[in-house]
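One structure is given here, and the rest of the page talks about it.
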Amino acid sequence: MLDINSIRQNPEEIKKGIAAKNGDALLVDAFLAEDAQWRELTAEVDELRARQKKAGNERNVKEAKKLKEEIKVKEEGLTSAEQKRAELLRKMPNPPLPEVPLGKSDKENVVLREVGAKPVFDFTPKDYFALAEQCDIIDTERAAKVSGARFGYLKGEAAMLEFALVQFAFDTARKEGFVPVVPPVMVKEEMMRGMGYVDRSEDRDETYLLEKDNLYLVGTSEQSVGPMLADEIIDAEKLPLRFVAFSTCFRREAGSYGKDTKGILRVHQFDKVEMFSFCHPDRSKEEHKLLLALEERMMQALRLPYHVLDICTADLGMPAAAKFDIEAWMPGQNDGKGEYRETHSTSNTTDFQARRLNVRFRSGQQKPEYVHMLNGTAFAIGRMLIAIMENYQQADGSILVPDALVPYMGGITEIKR
RNA sequence: GGUGAGGUGGCCGAGUGGUUGAAGGCGACAGUCUUGAAAACUGUUGUGCCGGAAACGGUACCGUGAGUUCGAAUCUCACCCUCACCGCCA
């Protein structure tokens with residue numbers, strides 16, 4: 001949600017920001033019109049109420065009754081203006097930060113750097129799915145029998161790798177002051193709304209809803225860690241508050257029916273370690289860099305080649321004001337020619353989510369201000385498994401375990417049938 | 001799932017229809033006293049919105065939403081949440 005005052009004061013700037021995101025800049029004009037109407041009615045209703053209150057206190061019942069009727073009528077208009085205004089406000093995306101590259105589609109995302117040497121094989125590298133089959137560590141066939149399409153069993157070393165990755169991520173993040181968390185994966189509607197995930201129909205279609213209890217299954221633990229501090233005021237000295245959360249994530253993948261149907265690249269249920277930070281507004285750009293740096297540090301520790309994308313304005317999504325993605329090199333994809341696939345994403349949502357969720361901080365006796373909220377992937381387990389398998393494969397189809405994970409694997413150094 | 005209790009300001013806690021934004025206490029802040037500190041005493045101490053350069057004025061807020069009433073923290077209904085006991089359970 002945007003700051004009402006900043007829309008009133010700099011409507012042109014906000015319009016530019018929304019347009020850069022391929023959003024509807026006319027929302028701003030519609031909002032301002034509704035807002036003007038709302039202000040006018042507010043003044044009128046407040047004045048009528050003052051008179052009514054006075055009449056009531058003087059036990060002038062007749063006068064008070066008359067005013068009551070007038071208020072009732074006026075209030076209908078007020079409520080309607082208020083609702084329209086709020087709805088328009090909720091639809092406005094967070095404008096991009098000035099340094100974000102301008103672009104019209106994801107094709108204009110900027111590659112900031114390529115890191116790590118792509119592995120050179122003296123054989124045609126296999127797709128992770130073939131490797132997994134050979135090593136018998138992923139079973140999507142039985143998962144389809146039990147749960148349907150887009151599910152998978154991780155077995156044996158794949159299951160062990162999952163927990164090795166989780167431990168490794170927790171250890172790494174903990175050194176930077178992140179508090180490990182295992183959050184709820186079922187979340188109330190109002191909190192989903194606060195994070196900005198229910199307002200647009202495409203987002204609603206993407207989430208699972210448990211209708212009996214009106215609870216949503218999280219698509220990322222961000223949705224349950226962010227609201228953790230809703231309606232709270234944090235001491236400024238305690239910022240930044242950093243959490244690293246492990247949770248299962250649920251996604252309906254509506255609208256991607258044709259895409260990535262095979263294997264575990266795109267599934268309804270996967271586990272993920274996510275970093276989340278609440279910080280002082282002046283510090284959010286640095287914090288964003290820290291999240292990205294940690295993601296890169298972990299990728300480098302695993303010796304996985306990747307590149308970093310500075311996501312352009314059009315590809316930011318609703319709550320993000322700036323976003324960096326990491327795409328890992330997956331040599332087995334694209335018929336053994338390899339391609340980059342997204343494994344990480346880190347967003348600075350500035351005060352957009354904080355305002356909706358009412359997460360504030362206070363320094364000394366000063367007025368509370370909204371914090372900035374940021375999130376970043378530590379490891380999306382399924383996709384990390386793919387990256388590891390394809391990069392660490394050997395001619396015979398066996399897979400080496402990255403050195404950094406061996407201590408967490410009970411000493412296992414190689415996966416073979 | 002059953003039964004019962006309850007949600008009031010930063011915290012504890014009073015308040016069952018009438019200038020109640022809300023007694024009292026704790027905490028916090030400022031001051032007096034003190035060489036300094038503690039104690040004691042005095043004062044200040046919520047937020048949103050509208051108007052205003054400001055002082056200030058108005059309005060709303062006692063879990064959330066609707067309702068009754070000239071008037072609601074107080075009455076009615078629905079929902080959310082918390083706690084206790086019983087049942088079930090990883």
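Letters A, B, ... mirror the listed sequences (proteins, then strands); counts begin at 1. On a predicted model such as this, the values are computed, not experimentally measured, just so you know.
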(message) For A/Phe278 and A/Phe243, take the angle between the two ring planes, folded into 0 to 90°, and tell me which bin it lands in: parallel under 30, tilted 30 to 60, perpendicular over 60.
(response) perpendicular

* Parallel, tilted or perpendicular for A/His307 and A/Tyr340, by the 30°/60° rule? ->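 Rings of A/His307 and A/Tyr340: parallel, under 30°.
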
Applying a 4.0 Å non-hydrogen cut-off, can you work out what A/Lys62 is touching in the nucleic acid: base, sugar-phosphate, or nothing?
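Result for A/Lys62 = nothing.
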
> If you look at every strand shown and take non-hydrogen atoms under 4.0 Å, does A/Gln52 touch a base, only sugar-phosphate, or nothing?
Replying inline: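 The answer is sugar-phosphate, as A/Gln52 gets under 4.0 Å only of primed atoms, P, OP1 or OP2.
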
Would you measure the distance from the [atom1] atom in [N] across to the matching atom in [M] and give it in whole Å?
N: B/rG21; M: B/rA5; atom1: C1'; result: 28 Å
N: B/rC41; M: B/rG24; atom1: P; result: 15 Å
N: B/rG6; M: B/rA14; atom1: P; result: 11 Å
N: B/rG27; M: B/rA84; atom1: C1'; result: 30 Å
N: B/rG65; M: B/rU74; atom1: P; result: 13 Å
N: B/rG51; M: B/rC33; atom1: C1'; result: 45 Å
N: B/rA78; M: B/rG2; atom1: P; result: 15 Å
N: B/rC83; M: B/rA39; atom1: C1'; result: 39 Å

Using both distances under 3.5 Å as the test, list the Watson-Crick or G-U wobble partner of [N], or none.
N: B/rC56; result: B/rG51
N: B/rU68; result: none
N: B/rU19; result: none
N: B/rA37; result: none

Do [X] and [Y] have side-chain N/O donor and acceptor atoms under 3.5 Å apart?
X: A/Gln300; Y: A/Tyr306; answer: yes
X: A/Asn94; Y: A/Thr350; answer: yes
X: A/Glu274; Y: A/Ser221; answer: no
X: A/Gln394; Y: A/Glu414; answer: yes

Let me have the donor-acceptor pairs involving side chains of residues 167-185 of chain A, under 3.5 Å, with sequence neighbours excluded, atom names and distances please.
residue: A/Asp171; atom: OD2; partner: A/Tyr408; partner atom: OH; Å: 2.6
residue: A/Thr172; atom: OG1; partner: A/Phe168; partner atom: O; Å: 2.8
residue: A/Glu176; atom: OE2; partner: A/Arg297; partner atom: NH1; Å: 3.2

Donor-acceptor pairs under 3.5 Å, side chain of residues 374-383 of chain A to any protein atom, not counting sequence neighbours: which ones?
residue: A/Asn375; atom: ND2; partner: A/Glu222; partner atom: OE2; Å: 3.3
residue: A/Thr377; atom: OG1; partner: A/Ser345; partner atom: N; Å: 3.0
residue: A/Thr377; atom: OG1; partner: A/Ser345; partner atom: O; Å: 3.2
residue: A/Arg383; atom: NE; partner: A/Leu265; partner atom: O; Å: 3.1
residue: A/Arg383; atom: NH1; partner: A/Glu342; partner atom: O; Å: 3.1
residue: A/Arg383; atom: NH2; partner: A/Leu265; partner atom: O; Å: 3.2

Check nucleotides 48-58 of chain B against the protein and report each pair of N or O atoms closer than 3.5 Å, with its distance, or say if there are none.
residue: B/rC50; atom: OP1; partner: A/Arg8; partner atom: NH1; Å: 2.8
residue: B/rC50; atom: OP1; partner: A/Arg8; partner atom: NH2; Å: 2.8
residue: B/rG51; atom: OP1; partner: A/Arg39; partner atom: NE; Å: 3.2
residue: B/rG51; atom: OP1; partner: A/Arg39; partner atom: NH2; Å: 3.3
residue: B/rG58; atom: N2; partner: A/Asp46; partner atom: OD2; Å: 3.1

**Item:** Atom-to-atom span, OH of A/Tyr370 to C1' of B/rU47 - whole angstrom
**Value:**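 Taking OH of A/Tyr370 and C1' of B/rU47, I get 11 Å after rounding.
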
When rounded to whole Å, the NZ to P distance for the pair A/Lys74 and B/rU59 reads 17 Å

Shorter than 3.5 Å, N or O on both sides, protein versus nucleotides 63-69 of chain B: list them out with atom names.
none

Do A/Phe352 and A/His372 make the cut of ring centroids closer than 6.0 angstrom? no

Closest approach of A/Asp35 and A/Arg8, non-hydrogen atoms and distance?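 Closest pair (atom of A/Asp35, atom of A/Arg8, distance): OD2-NE, 2.7 Å.
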
Sequence neighbours excluded, the answer for ring-ring contact (aromatic ring centres under 6.0 Å, His included) partners of A/His344 is none

dist A/Ile18:CD1 -> A/Lys91:NZ (nearest 0.5 Å) comes out at 12.0 Å

For nucleotides 18-22 of chain B, give me every protein contact, N/O to N/O, under 3.5 Å, one pair per line with atom names.
residue: B/rG18; atom: N2; partner: A/Gly56; partner atom: O; Å: 3.4

